[in-house]
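Remarks on the structure that follows.
Positions are given from 1, in the same order as the sequence printed here.
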Amino acid sequence: MLFLGNSYTAANNLPQLVQGLSTSAGKTLIYDASMPGGFTISGHVSDPTALAKINQGTWDYIVVQEQSQLPTIDYYRYNDMYPALAQLKAIAEQANPCVRLITYMTWGRRFGGQQCDPSNTHCSAVFVDFNHMQDTLTSAYTAISDSLNMQCAPVGVAWQNVLNDTNLVLHTSDNSHPNLDGSYLAALSMFSCIWKQPSLGNNFYAGITPNRALYFQQLSDQTVWGRAADWNLSINEPLAGFSYTQVGNTVGFNSSSRLGAGGRGNLDHRWDFGDGQSSALSDPSHTYSAPGSYTVRLIATNCIFSDTTTETLQIMATGIDRELAVEAPLKAPIAYPNPVVHELKIGRDERDLGRQYKIYSLRG
């Protein structure tokens, strides 16, 4: 996992916090990061250090954080952040078509306020409080995540839910950067977005009291899982499914597997027919050699994501026994008078299945 951000990502070593949560959950997270202070996404796109890390092509995920004020200023949102993120995505996917990007939604200033560039040429609205600024950040991050088919880690919304529920402070004294509580809450959201599982019950507390850590876990899970579709949480996950038709002991399988809404890429199929045979075709046909009960398993895979579904089939005895009966041997007619004319009538025996016949010789 590669983190591309600035001092917000570097504060309290967010990547290490995410790794600690992962280790506690029995997961292995290998990470690297580029986090120069004040960096924008466009800065990473042109930065040799960031590009060298991206081009290693080994990443399952790249987490991207924009400079904290820029998404709230319309000029920079549409002319800097959005095109830079699209460019970064293209560069990353050229290095590894299976890489997935997660946007790291940041949070508003503690007391809101107007945000401007250094020259005061372009400014945001005058935000009356944290919530006002956060709503703009949420809109900026979700819009570009939807447009580029990316996940969004809703850190800012998790902060908003905690701050509106308690008197806790998540900012440092500069009313901008996160204190340890704020970074831990950010790490919880990131953990769930990576591993697709709730954080509740995780025993990594990062120096926070267990009771407070438990509270943050609960609020983070409510934020992430209560609105999972808003964050495109399942966008890359395959959904395995299949139907089948059966004729005797031969079964034709048809995959109905698909990616979650907005997902991209192809699906690989792995069929286990339950009799020791398998297939990698999307719609295979298989003939069973013996009657019995067979559990068929289909695994649908898209890069690092997979889903499995199973169904049990009943294969009955193969073939149908038929009795080939002959009513009586056919005897040659007596040739008198000469010449003799024979008329053959073939009639259906009501006792058979249409495959047994009586043959009559009528001498004329």
Taking only residues two or more places apart in sequence or in another chain, which ones pass salt bridge (Lys or Arg N to Asp or Glu O under 4.0 Å) with [X]?
| X | value |
| --- | --- |
| Asp165 | none |
| Asp272 | Arg297 |
| Asp60 | none |
| Asp80 | none |

Locate the shortest heavy-atom distance separating [X] from [Y]; write the atom from each residue and the value.
| X | Y | result |
| --- | --- | --- |
| Thr250 | Ser285 | CG2-OG, 3.7 Å |
| Leu185 | Ser220 | CD1-CB, 4.1 Å |
| Gln197 | Ala25 | NE2-CB, 4.0 Å |
| Thr166 | Leu168 | OG1-N, 3.1 Å |
| Ala290 | Ile315 | O-CG2, 3.9 Å |
| Tyr141 | Gln65 | OH-C, 4.3 Å |

So, the side chain of [X] versus the backbone of [Y]: is there a donor-acceptor pair under 3.5 Å, distance only?
| X | Y | value |
| --- | --- | --- |
| Ser256 | Gly241 | yes |
| Tyr82 | Ala140 | yes |
| Thr40 | Gly43 | yes |
| Trp107 | Pro178 | no |
| Gln134 | Gly108 | yes |
| Ser24 | Gly20 | no |
| Asn249 | Met316 | no |
| Ser293 | Gln314 | no |

Is there a chain of hydrophobic side chains (I, L, V, M, F, W, Y, each step under 4.5 Å between heavy atoms) that links [X] to [Y]?
| X | Y | value |
| --- | --- | --- |
| Leu188 | Phe3 | yes |
| Leu101 | Val45 | yes |
| Leu200 | Leu21 | no |

Are more than 12 heavy atoms, taken from residues, nucleotides or ligands other than Ile30, located less than 6.0 Å from that residue's CD1 atom?
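Atom CD1 in Ile30 is not packed in, count stays at 12 or less.
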Does atom CD of Gln56 have more than 12 heavy-atom neighbours, drawn from other residues, nucleotides or ligands, at distances under 6.0 Å?
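More than 12 within 6.0 Å, yes.
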Kindly indicate, with the supporting measurements, whether the criterion side-chain contact (heavy atoms from CB on, under 4.5 Å) is fulfilled by Thr106 and Trp159.
CA-CA 9 Å; Thr106 55; Trp159 273 49; over 6 Å; no
Using 30° and 60° as the class limits, which term best fits the ring planes of Tyr184 and Phe216: parallel, tilted or perpendicular?
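Because their plane-to-plane angle lies in the 30° to 60° range, the rings of Tyr184 and Phe216 count as tilted.
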Other hydrophobic cluster members with Val224, side-chain heavy atoms of Ile/Leu/Val/Met/Phe/Trp/Tyr under 4.5 Å, chained?
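Members besides Val224, by chain and number: Trp225, Leu233.
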Let me confirm one number: the [atom1]-[atom2] distance from [X] to [Y], rounded to the nearest 0.5 Å.
| X | Y | atom1 | atom2 | result |
| --- | --- | --- | --- | --- |
| Tyr61 | Met150 | OH | CE | 13.5 Å |
| Asn96 | Cys303 | CG | SG | 7.0 Å |
| Ile41 | Ser46 | CD1 | OG | 12.0 Å |
| Ile102 | Ile235 | CD1 | CD1 | 11.0 Å |
| Met1 | Arg100 | CE | CZ | 14.0 Å |
| Ser34 | His44 | OG | NE2 | 5.0 Å |

Sequence neighbours left out, what passes side-chain hydrogen bond (donor to acceptor under 3.5 Å, both in side chains) with [X]? Give chain and number order.
| X | answer |
| --- | --- |
| Ser147 | none |
| Ser145 | Thr103 |
| Ser124 | none |
| Gln69 | Gln67, Gln115 |

Side-chain contact, heavy-atom cut-off 4.5 Å: Ser139 with Arg77?
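The answer is yes, as the side chains (C-beta and beyond) meet within the 4.5 Å cut-off.
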When you compare the side chains of [X] and [Y], does any donor N or O come within less than 3.5 Å of an acceptor on the partner?
| X | Y | result |
| --- | --- | --- |
| Asp275 | Tyr288 | no |
| Asp146 | Asn232 | yes |
| Ser199 | Asp221 | yes |

Can you spot which of Phe253, Phe242, Tyr294 makes a ring pair (Phe, Tyr, Trp, His ring centres under 6.0 Å) with Phe273?
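So the option named by the test is Phe253.
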Between Ile62 and Lys53, does a side-chain contact (heavy atoms from CB on, under 4.5 Å) hold up when you go through it step by step?
CA-CA 10 Å; Ile62 297 178; Lys53 293 180 184 297; over 6 Å; no
Partners passing side chain to side chain contact (heavy atoms under 4.5 Å, CB included) against His132 (at least two apart in sequence or in another chain)
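Partners of His132 by the side chain to side chain contact (heavy atoms under 4.5 Å, CB included) criterion, ordered by chain and then number, come out as Phe127, Val128, Asp129.
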Name all residues meeting the side chain to side chain contact (heavy atoms under 4.5 Å, CB included) criterion together with Arg110; count only those two or more places apart in sequence or in a different chain, and write none if there are none.
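Arg110: side chain to side chain contact (heavy atoms under 4.5 Å, CB included) contacts with Val169, His171, Asn175.
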Residue pairs passing the salt bridge (charged side-chain N to carboxylate O under 4.0 Å, His left out) test where at least one lies in residues 169-186, sequence neighbours excluded
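Qualifying pairs, neighbours excluded: Asp181-Arg212.
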Evaluation steps, side-chain hydrogen bond (donor to acceptor under 3.5 Å, both in side chains), between Tyr8 and Ser176:
CA-CA 9 Å; Tyr8 272 31; Ser176 172; 2.6 Å; yes
